[in-house]
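Notes follow the structure.
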There are 2 protein chains.
Amino acid sequence: MTNTKRSRQREAILEVIQGTKCHPTADWVYSEVRKIIPNISLGTVYRNLSQLSEKGTIQKLHMGTASEHFDGNPNPHYHVCCTQCGKIDDIDAEPFEKFNAWAADMYDGEIFEHYTLFTGKCSQCKSIKF
Amino acid sequence: MTNTKRSRQREAILEVIQGTKCHPTADWVYSEVRKIIPNISLGTVYRNLSQLSEKGTIQKLHMGTASEHFDGNPNPHYHVCCTQCGKIDDIDAEPFEKFNAWAADMYDGEIFEHYTLFTGKCSQCKSIKF
DNA sequence: TTCAATATTGATAACTGTTACTATTATTAT
DNA sequence: ATAATAATAGTAACAGTTATCAATATTGAA
């Protein structure tokens, strides 16, 4: 299983995640891909999302929720989860490298990387008046 | 269910998580608590771990693994997961507040908090020579 | 100390997100 | 074409967790 063959299904799945900014779950991808391939199976969606994230084409995001989220952008970047509407926004910036050095200073082992999730209020929710 | 009554089970559970530094899963807590109360049920462990973390007595940690971890220390602090042995260490430091301001600067909404998990190599694994 | 109100429990069933299995189909290199 | 095998659809199995419920324990008041 070291080699890989193309499949209509995988290409449709990739198109769907790369075509959205919403950091969807497998289930959301499944319902979208079914608009293209109506009889695709949920297992196929899971299998390909895993394969694609293992190859580094997409990334898997752990949001601390029941289900995993996926991101069509494989480059490391931060996310903000809106506490009001739940939307996950990107922060378009390079990783904050100094943070690792700061942590390493207070830790007797080594620090390699960090994964950060911000909470906040997205611009839409921010503009709603009560 | 707004009021709360004491229970032997909950107190034993609390003793177990407060008495370890290993950031255990519900299952680990279950097997430890059974040494004190052999016929305690797994559901009771889950119920009380949830209740205690909702009340802020302990905290629930999302490590990006299948099962949730718990921390008897309710104060916000960072964790390092050793990529070699999987151990979760504490970083004993106040949250890095400047990080929120840095993120807010690149985001058009508001930033409230951040949750960070570091990866690295713990001091024991670091000292092993190959 | 008894009693009523109700929070908590143990046992177990149910649920959810995900992975594994298997016979069939599709892709690829020759 | 054909042989090798990766990928699929469909479905069962699985792990972690939550819900259900009758029985038990805790609490405050009489």
Side-chain angles (χ1 to χ4, degrees), chain A residues 1-17 22-55 57-71 81 86 88 117, chain B residues 1-17 22-71 81 86 88:
Chain A
M1 217 173 302
T2 180
N3 286 331
T4 161
K5 292 178 182 172
R6 303 177 54 183
S7 87
R8 214 159 81 71
Q9 287 85 343
R10 180 158 50 243
E11 277 158 22
I13 289 165
L14 189 54
E15 230 171 80
V16 166
I17 7 164
C22 81
H23 311 86
T25 61
D27 225 64
W28 188 93
V29 173
Y30 176 52
S31 72
E32 285 301 304
V33 169
R34 275 207 290 186
K35 294 174 185 170
I36 309 168
I37 304 171
N39 73 323
I40 195 172
S41 111
L42 181 57
T44 298
V45 173
Y46 273 105
R47 201 177 332 105
N48 280 295
L49 288 173
S50 292
Q51 190 189 99
L52 288 165
S53 54
E54 268 158 32
K55 297 210 170 162
T57 311
I58 65 174
Q59 56 179 319
K60 194 181 274 195
L61 306 178
H62 312 293
M63 307 298 298
T65 51
S67 40
E68 304 281 14
H69 290 250
F70 294 87
D71 192 335
C81 183
I88 301 162
L117 175 65
Chain B
M1 217 174 303
T2 178
N3 288 331
T4 161
K5 292 178 183 172
R6 303 177 55 183
S7 88
R8 215 160 81 69
Q9 287 84 343
R10 179 158 51 242
E11 276 158 22
I13 289 165
L14 189 55
E15 232 172 76
V16 166
I17 8 165
C22 82
H23 310 87
T25 61
D27 225 64
W28 188 94
V29 173
Y30 176 53
S31 70
E32 286 300 305
V33 170
R34 275 207 289 186
K35 294 174 185 170
I36 308 168
I37 304 171
N39 73 323
I40 196 171
S41 112
L42 181 56
T44 299
V45 174
Y46 273 106
R47 202 175 331 107
N48 280 295
L49 288 173
S50 292
Q51 189 189 99
L52 288 165
S53 54
E54 268 159 33
K55 296 210 171 163
T57 311
I58 65 174
Q59 56 179 320
K60 193 181 272 193
L61 306 178
H62 312 293
M63 307 297 298
T65 51
S67 41
E68 303 282 13
H69 290 251
F70 293 87
D71 192 334
C81 183
I88 300 162

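Scope of the values below: all heavy atoms of this structure, side chains included, with no hydrogens, waters or symmetry mates.
Proximity of A/Q51 to the phosphate of D/dA6: no side-chain N or O atom is located under 4.0 Å from OP1 or OP2. For the OP1/OP2 pair of C/dT19 and a distance below 4.0 Å, the side-chain nitrogens and oxygens of A/R47 include no atom meeting the criterion. Within the structure, every side-chain polar atom (N or O) of B/N3 is placed at least 4.0 Å from both OP1 and OP2 of C/dT8. Taking only side-chain nitrogens and oxygens, B/S67 never comes nearer than 4.0 Å to OP1 or OP2 of D/dT17. Within the structure, every side-chain polar atom (N or O) of B/Y46 is placed at least 4.0 Å from both OP1 and OP2 of D/dT18. Close to D/dT8, at under 4.0 Å from its OP1 or OP2, lies a side-chain N or O of A/S7.
To the nearest 0.5 Å, atoms CD1 (B/I58) and CD1 (B/I13) are separated by 9.0 Å.
Considering only the side chain of B/T44, C/dG10 comes nearest among C/dG10, C/dT18, C/dT8. In the set D/dA9, C/dT18, D/dT17, D/dA9 carries the atom at the smallest distance from any side-chain atom of A/I40.
Distance, B/K5 NZ to C/dT9 P: 12 Å, rounded to whole Å. Residue A/Y30 contributes atom OH, which lies 16 Å from atom P of C/dT19 at whole-angstrom precision. Spacing between atom CD of B/E54 and atom P of D/dT17 amounts to 14 Å, rounded to whole angstrom units.
Remark: side-chain polar atoms of A/H23 are not paired, donor with acceptor, to backbone N or O of A/F70 under 3.5 angstrom.
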